[in-house]
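Everything on this sheet refers to the single structure shown next.
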Amino acid sequence: MSHTSPAHGALEIHLVPCLADNYAYLIRDPGSSAVGIVDPSEAAPVEAALAAHGLRLTHILNTHHHFDHTGGNLELKAKWGAEVVGPAADRERIPGIDRALGEGDTWDFGTATARIFDIPGHTKGHIAFWFEQAQAVFTGDTLFALGCGRMFEGTADQMWASLSKLASLPDATRIYCGHEYTQSNARFALSVEPDNAALQAYAKEVDSLRAAGQPTIPATMGRERAANPFLRATEAGIAARLGLAGAGPVAVFAETRLRKDNF
Ligand code: ZN
Ligand code: FE
């Protein structure tokens, strides 16, 4: 027995690389037997991670319906009887969903509590799980480190509103996103804001992490606000560089997203 008393609401979080560049996240509440997997692309790497840590899966958390975030749902649910939790706005597209959540909901995971945000734009129904006490947010394919998701099912207005919600979280919030895209995102970000010193330093750090085969996740909100061009559409310097001096943030964001699509 090596039981110390864990902080109420603390979370242990392990990265589980899936497919080519996805991350699922194995989460455990040290104060209970709750064990979850966020966005399981596939079952096999999740099973390996559970075995490596000696854990039994109780919950499956989905940020959105895409197959690379839900592909492992049914196999894992069948094996463990885990409860599947996902976005209410897309409940018909989440395999095996048991519990549908949306804006303003709170969801208890052992002794931890997640606050739910609706963050549409990448898909119609997309949620974020914010564990305030653990200072962690799971952002799926809406907010990436130094980037944001493509707008497959939404508008620039929606995506900007979704990103702005996330950007209002405290600086120390750790961001766990759906993909390891940070290095290519950094190249694009530098094309938008080449003189941003915070971005330059961040990009260098990302290059050395990737050269060493290390993940760049989690990111942190304070640093994203300082360096991620998709959170910085209110910056006059970015608007000017995009030929949109005086334009509002949605227009600047939309142009930034369009340039990234063609980068
Ligand atoms: Zn996606
Ligand atoms: Fe994805």
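The basis for the numbers below is simple: all heavy atoms, side chains too, and nothing from hydrogens, waters or symmetry mates. Both counts, for ligands and for their atoms, begin at 1 and track the order of listing.
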Quiz item: Under a 4.5 Å side-chain heavy-atom rule over Ile, Leu, Val, Met, Phe, Trp and Tyr, are Leu143 and Tyr176 clustered together?
Solution: no
[X] near the Fe ion (ligand 2) via N/O/S, less than 2.8 Å:
{"X": "His64", "answer": "no"}
{"X": "Asp39", "answer": "no"}
{"X": "His179", "answer": "yes"}

Here the vertex angle at the Zn ion (ligand 1) for ND1 of His66 and OD2 of Asp141, given to 10°, is 170°
Task: Exceeds 12 heavy-atom contacts within 6.0 angstrom, atom CZ of Arg91 - done: no
With the Fe ion (ligand 2) as the point of reference, which N/O/S atom of [X] is the closest?
{"X": "Asp68", "answer": "OD2"}
{"X": "His69", "answer": "NE2"}
{"X": "Asp141", "answer": "OD2"}

* Got a sec: is His69 within less than 2.8 Å of the Zn ion (ligand 1) via an N/O/S atom? -> no
Between His66 and Phe152, the two heavy atoms sitting closest are CE1-CD1, 3.8 Å
In terms of heavy-atom contacts, Thr216 and Leu209 come closest through CA-CD1, 4.1 Å
Given the options Phe138, Phe129, Phe131, Tyr25 meets ring-ring contact (aromatic ring centres under 6.0 Å, His included) only with Phe138
Taken to the nearest 0.5 Å, the spacing of Phe263 CZ from Arg187 CZ works out to 8.0 Å
query: Hey, what's the ring geometry for Trp107 with His59, parallel, tilted or perpendicular (30° and 60° as the breaks)?
result: perpendicular
The N/O/S atom of His122 lying closest to the Zn ion (ligand 1) is NE2
